[in-house]
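I have placed the structure first, in the form of structure tokens, so that the comments after it can refer back to it.
Numbering of residues begins at 1 and proceeds along the displayed sequence.
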Amino acid sequence: MNYDERITELESRVAFQEDALDKLNDVIAQQDKMIIDLKRMLTVFNQQLKTVGQESQGISFDEPPPPHY
């Protein structure tokens with residue numbers, strides 16, 4: 001294999017690796033956005049849960065608990 005063929009082969013490999021890195025970077029960016037969105041949703045759900053919990057503390061249940069309690 002002469003130098004020109006070797007250089008062409010190396011250039012081809014580098015191009016493939018650059019493409020693979022670009023694709024991986026896109027996937028990581030998408031996952032980062034998804035994680036940020038999920039964290040926001042979790043924060044909202046936690047706030048809603050605290051609000052519902054605080055509101056339910058003042059509620060008295062007229063119905064007695066079932067016998068298995």
**Check against side chain to side chain contact (heavy atoms under 4.5 Å, CB included), Arg13 and Glu9** = CA-CA 6 Å; Arg13 288 182 184 194; Glu9 176 67 24; 3.1 Å; yes

**Prompt:** Charged N to carboxylate O below 4.0 Å: is that the case for Asp37 and Arg40?
**Reply:** yes

**Complete:** Separation between CD (Gln48) and CE (Met41), nearest 0.5 Å, reads 10.0 Å

**Fill in**
Interatomic distance, CG@Leu10 vs CD@Gln17, rounded to 0.5 Å, equals 10.0 Å

**Heavy-atom pair with the smallest gap, counting every atom of Asp4 and Thr8** = O-OG1, 2.8 Å

**Complete:** Of Ile35, Ile36, Leu42, the one forming a side chain to side chain contact (heavy atoms under 4.5 Å, CB included) with Lys39 is Ile35

